[in-house]
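First the structure, in the form of structure tokens, and then the observations on it.
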Amino acid sequence: MRALKVHRIAPGATVQDGGRAGYMAFGVSRGGAADRLALVEGAALLRQSPECAALELPGSGGVFEATEPMRIALTGAPMRVTLDGAPLVWNASHRMGAGMRLEIGGATGGSYGYLHVGGGLDTPLLLGARSAHLAAGIGAVVQAGEALPVGPDARDEVGLFLPQDSRFDGGVLRLVESFQTGLFDAATRTRFAQTVFTRDARANRMGMRLNSEGDGFSASEGLNILSESILPGDIQITGDGTPYLLLNESQTTGGYPRIGTVIPADLPRAVQTGAGGQLRFEFVPREEALKAQQRMTDYIAQVPKLCMPLVRDPSQIRDLLSYQLISGATAGDAAESEG
Amino acid sequence: MDGAHTPKFEPVIRAAGLDGVLVSFGAALSEPANRAALAFAAAVGRSGIEGVEECAPSLVSVFLRFDPLHLELGVLVQRLSTLLSERDWYDAAMPDGRRFIRVPTVYGTELAPQLAEAAEAAGLSVEAAEEQLSTARVRVQTIGFAPGQPYLGLLPEAWNIPRQTALTKAVPEGALVVAIRQLVLFSVSNPTGWRHVGQTALSLFRPDSDTPFFLRPGDEVQFVPVSRDVLARYADDPNGGAEIEDIR
């Protein structure tokens, strides 16, 4: 079987694709890769469909081995990685020979790293997708000892690289008002936008708790409102005034009031904020949110063209002859900027 | 957001984030508003508005997700307003194919440790609380929160109790929880702010099955009290010992 053998893996690692749209009426949120941009970037580096499933690695990676030669790409939160002991460039595509040992360590920034394979992970489709949806009980975390089936790969190109994005350092998340924003008085909303939050260590694919100094952010009638539909990006305030940012794998409805909704363009930054990372929120008008949405859509369309040849530094390659060097590659910046 | 539905309530259309819209038929739960939401969601599904990517009813509202770059919010609101004006949605019929389902349930004990706490919040003795919950014939008003998971109501007025201030870390699959005159039956283990008063052996979500979702909006349910020994007998029955009959 063409497979990726898992010798060791981070707790909570799952197979993810774009998730399942269309089941909200049945109580199943879309789910899918926590960082959708990383999925798109991996597909572009391997010149394949962004619908291919990849391995989502929360916080750290694991040890993997290919049963057959295959192409791989690494995206999302940068992690320390070696192939048979030789360092690999993150945010790039590489060739992995049969029996070679891929070791992915802890994230040096951000939260979710992704390991993509040429042909995509070919695990069974459940309700139309391969994504594990842990909160819904669909699929399960990947365990050491498993061999993940890999689909046939029609392509051969590797050695592509994408510049590292800045979305792994926390920062400002833009919010639009939502239908429950008015449940919070103006002073509370202002204080919310002035507060620096720290991402709690307990964040997961459903959501992240946002910690701050000082009072909570309570709404009037907060514990008695009707449960209403939830969308990813909603910031829900629980009864004790603590904000939770709800993500792709959140529940589909909920009764705790929501102070606003992080715009889709800023969700990759939100999910990639590492434990202890700092976040602030800024309410923006709808027009600005639409511009950001357009820029994200443009970026997604452009990603395949932004991939550039990875220029390797020969001094970092242990066994030069085992690599198929890209024509013209001698020495370069990409590998040096890795660390 | 408080105040009950009156026949004069006009549906309200509001933005939900950048790519969502919420059409609300009431500020509080009522049967006409719930029926309106179910019927309007079905009508939106049939209307096939280009740019609408998902449509889901909740208790008294309909949520639509759309592509804001290809369908302007204002245009969508106009289309929805036109659809709203086509009929009196509060007068809509219940969905077809409804069933009455009697679900064996253990009240209280270590299986459902918050019965006494919930009874106290409702101002009832534990016995009276169990009596009211187990004789109520409640209706699935929406499916939501988790896969195939029903919100059921309405319970007697005494059960208009708030959610807890802090979340319970997890209740198990089959847990029956209560707040704001509603019951929720958990389809998977999840955190909740509602109080855990009963435990069933019903499996609501079967991802490997051709019919993955057991309950549908409009179905009616009674949670019949049984002992722990009786419930244990249904451990291998995905229906948890439930008796099902069609509503004609």
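Order of the sequence lines fixes the chain letters, A, B, ..., with proteins taken first and strands second; residue numbering starts at 1 for each chain.
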Notebook entry, point to check: So which of Leu167(B), Leu69(B), Val188(B) has the largest heavy-atom pair count under 4.5 angstrom toward chain A?
Noted result: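 Most heavy-atom pairs under 4.5 Å with chain A: Leu69(B).
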Item checked: Winner by heavy-atom pair count (cut-off under 4.5 Å) against chain A, out of Ala166(B), Ala56(B), Pro147(B) -> Pro147(B)
Check: Under 4.0 Å between a Lys/Arg side-chain N and an Asp/Glu carboxylate O for Asp35(A) and Arg167(A)?
Finding: yes
Check: Less than 4.0 Å between a side-chain N and a carboxylate O, is that true for Glu31(B) and Arg35(B)?
Finding: yes
Next item on the list: Not counting sequence neighbours, list each pair that qualifies as a side-chain hydrogen bond (donor to acceptor under 3.5 Å, both in side chains) and has a residue in residues 22-34 of chain A.
Entry: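 Non-adjacent pairs meeting side-chain hydrogen bond (donor to acceptor under 3.5 Å, both in side chains): Ser29(A)-His133(A).
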Notebook entry, point to check: Do Arg99(B) and Phe214(B) meet the cation-pi criteria used here (NZ or CZ under 6.0 Å from the six-membered ring centre, within 45° of the axis)?
Noted result: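 The answer is yes, since Arg99(B) meets both limits relative to Phe214(B).
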Which bit of [X] is near chain A, if near means a heavy-atom gap under 4.5 Å: side chain, backbone, both or neither?
X: Arg65(B); value: side chain
X: Phe213(B); value: side chain
X: Pro212(B); value: side chain
X: Leu18(B); value: both

Next item on the list: Give, as side chain, backbone, both or neither, the part of Thr261(A) having an atom under 4.5 angstrom from any heavy atom of chain B.
Entry: side chain
Checklist line | Contacting moiety of Leu290(A), where chain B heavy atoms sit under 4.5 Å | finding: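 Both parts, backbone and side chain.
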Next item on the list: Would you mind listing every salt bridge (charged side-chain N to carboxylate O under 4.0 Å, His left out) that reaches into residues 186-214 of chain B, with sequence neighbours excluded?
Entry: Glu117(B)-Arg195(B)
Notebook entry, point to check: Gly137(A), Ser227(A), Ala289(A), Ala21(A): which one forms the most heavy-atom pairs within less than 4.5 Å of chain B?
Noted result: Ser227(A)
Check: Among side-chain atoms of Arg189(A) and Thr181(A), is any donor-acceptor pair under 3.5 angstrom?
Finding: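 Their side chains do not contain a donor-acceptor pair, so the 3.5 Å distance test is not met.
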Note to self: Does the plane of the ring in Phe197(A) sit parallel, tilted or perpendicular to the ring in Phe217(A)? Use 30° and 60° as the thresholds.
What the structure shows: tilted
